[in-house]
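I have placed the structure first, in the form of structure tokens, so that the comments after it can refer back to it.
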Amino acid sequence: MYKKTIVLSILLVIIVLSGCNSEDDNRIVRKDSDENITKINKQTHIEQAITNKAKEIIQSKSEVTGVRGVNTNKDLLLAIEVTQIEQFNEQNLEDEVAKSLEKNYPDLTIEVSSDKKIFIELNELELKIQEDKVNKKELEDQFNKIKKLMNEQA
Amino acid sequence: MSNKKKKNLTPTQQQYQDFANKREVKRPVFKNCIKAFLVGGTICAIGQGISTFYMYFFDFTEQTVGNPTVATLIFITMLLTGFGVYDRMAQFAGAGTAVPVTGFGNAVISAAIEHRTEGFVLGVGGNMFKLAGSVILFGVFSAFIIALVKTILIEWGGL
């Protein structure tokens with residue numbers, strides 16, 4: 001009985017603490033069951049307007065449920081999240097998205113990934129850019145690291 | 001027993017067959033399936049958790065995260081087999097614990113433990129892959145065949 005109370009109280013504390021520990025997110029966030037999109041609303045070292053526009057274009061596809069992305073002057077990296085059933089077909093979807101964007105931005109190198117890891121990394125980088133915690137050099141480094149991860153073979 | 005063989009039985013034997021059939025405990029197939037589904041699913045959920053952990057905290061992508069995940073799962077199985085916990089789980093869940101990669105780990109490690117008394121070379125070394133050897137052989141061999149087919153298709157098939 002005593003033990004049970006202790007375990008329950010510890011659980012309660014963990015739940016309450018983890019529930020209240022939400023990070024500050026100053027990006028423009030739109031989130032629901034079929035939409036998970038963030039936009040950086042700040043002048044940064046590298047203008048992110050291209051990414052914001054591209055996100056809107058991708059989000060209009062019904063299979064895509066979430067987008068994260070960062071761009072430099074030459075490259076645009078995007079990570080997409082797709083619906084459960086489309087996971088079987090996400091490689092094709094990547095190509096499709098990349099092709100449709102290449103029409104809009106012919107002078108950018110566009111890379112699209114449906115990998116969860118890329119999504120996590122781009123999300124973190126977006127947050128950093130929003131909070132202005134990176135200088136241009138660090139941004140390039142992070143960017144190249146993600147690019148390298150994207151092209152990693154199993 | 002097949003029907004052909006049954007016809008050759010003497011009447012007494014047939015009588016015995018009927019008697020045995022009636023008393024034989026029915027295999028609870030559906031119940032076993034449910035148990036296997038639940039326990040196997042739990043193991044896979046743990047595996048997914050480990051994958052996600054590696055993706056969040058280390059530089060693994062969805063493509064490459066498989067290797068450390070499998071290694072971790074087999075390591076956990078190794079400990080559980082050594083402590084005798086995995087065997088109890090396997091008794092309850094059957095295929096649920098045998099089909100995921102943990103079942104493979106259990107097959108290797110339990111054989112290694114069993115033959116420890118016969119020495120390290122002839123005992124452990126010789127018998128470790130008694131059960132799992134066929135799995136490894138089959139995997140390597142089929143991978144070899146697939147690689148051959150792929151090479152031929154790419155080199156001469158123009159794919």
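Residue numbers start from 1 in every chain, and the chains themselves are labelled A, B, ... in the order their sequence lines are given, proteins ahead of strands.
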Is there a path of hydrophobic side-chain contacts, each under 4.5 Å between heavy atoms of I, L, V, M, F, W or Y residues, that connects [X] with [Y]?
X      : Y      : result
A/L139 : A/I50  : no
A/I80  : A/L108 : yes
B/Y56  : A/F119 : no

(request) List the atom of B/M55, the atom of A/D115, and the distance in Å for their closest heavy-atom pair. (result) SD-OD1, 4.4 Å
(request) Working to the nearest 0.5 Å, report the span between CG of A/L149 and CD of B/Q63. (result) 11.5 Å
(message) Measuring from atom OG1 of B/T61 to atom CD1 of A/I146, what distance do you get when rounded to the nearest 0.5 angstrom?
(response) 12.5 Å
(request) May I ask you to test the B/D59-A/K117 pair for a side-chain heavy-atom distance under 4.5 Å? (result) yes
(message) More than 12 heavy atoms of other residues, nucleotides or ligands under 6.0 Å from CD1 of A/I85: yes or no?
(response) no
(request) Might you confirm whether atom CG of B/L122 has over 12 heavy atoms from other residues, nucleotides or ligands at distances under 6.0 Å? (result) no
(request) Please flag which part of A/S114 lies under 4.5 Å from any non-hydrogen atom of chain B: side chain, backbone, both or neither. (result) backbone
